[in-house]
Amino acid sequence: MPGMEAKDIKIHGSNLDKAVRDKLPPSHIADILGRLKSDVVATEQVLRETKIGMIVNKLRGHSDKAVAELAKDIVNKWRKDVSNKPKSSSSGDSKGGVAMKKESSTNGASGRDTPNKDTPTPTARKASTSAVDPMKRNKTTDGVNCDIHDEDIRNKSLGMMYDGLCIGSDATPDTIFKLAKELEQQLYKNHSNKTDGPYRQKVRSIFFNLKDVKNPGLRKNVITGRIKPVRLAMMTSEEMASAERKREDEKIEEENMKEAMVAKAPTSVTDQLRCGKCGKRHVSYGQAQTRSADEPMTTFCECLNCGHRWKFS
Ligand SMILES: [Zn+2]
């Protein structure tokens, strides 16, 4: 049955460890591995808790080829299990494409030839909007008119804010335009109603952070209202990048998982190794395959006298 329980995995793990230590026939070891391969659905939690990752990982260097291959297979499978862990489904985002623009021009905007500068009505070309890949949205594909200010530089900035916000979004052009407009107005206000260097620099900085492919969280948070335009206008580049940093953290977590597979191989104590710090020969050591199976084993050492740790390959 798939999805062996942790306590059973532990039992298999210690049986496996013992079989290796007692130099039982490879067929016996392969037998245990086979069961682990078919019955364990790996998660980082399971691997850590049961230490099964480490135990199997060590066997990739086993002298029996069949055992070594099987161990490699399992490690690869578990890595896949862990990286395929179900994420909160976002399939809804990619399915429908761009939401249709609602017919804002029909609900009584009478002065369309002389647009009110405070409540502009973006016009959208329906047909093209719905056909555009959300990742390729911009003010042109959305048919949004950003010429609402007297100063050209402000219109350009507004367009940049729009372009940054709309990427990958399924929000309507109206929603995005409102946010972009508010954002530009806030930036303008923050710079004493001037469009000189600092204003332009801030506009560019926000634009680049918004459209950063590695930082989809920022524009999403603005669109959903978790980050208000007034707040975004004040954010430093560092703060804007924090959503990205969260993804970095996830990457580190994944690295930690890999470490869980290898780091703490069981140790032995020897008087053959000498501590470089205190000079005593009372050292525990263990070997681990830290990278790929082709690279040499790393030996981790810890002085049992002073606690000094080192490693070598
Ligand atoms: Zn020492």
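Note that the structure is predicted; figures quoted are calculated from it, not measured. In listed order, ligands and their atoms are each counted from 1. By convention here, the first residue in the shown sequence is residue 1.
- Vertex the Zn ion (ligand 1), arms ending at SG of C278 and SG of C303: the angle is 110° after rounding to 10 degrees.
- Salt bridge annotation for D174-K178: absent, with no cationic side-chain nitrogen under 4.0 angstrom from a carboxylate oxygen.
- Within 6.0 Å of CD on Q201 lie no more than 12 heavy atoms contributed by other residues, nucleotides or ligands.
- The Zn ion (ligand 1) has an N, O or S atom of C306 closer than 2.8 Å.
- The closest side-chain donor-acceptor pair between D142 and Y162 falls under 3.5 angstrom.
- Using a cutoff of 4.0 Å between basic side-chain nitrogens and carboxylate oxygens, K211 and D163 are not scored as salt-bridged.
- Among the atoms of H282, none of the N, O or S atoms falls under 2.8 Å from the Zn ion (ligand 1).
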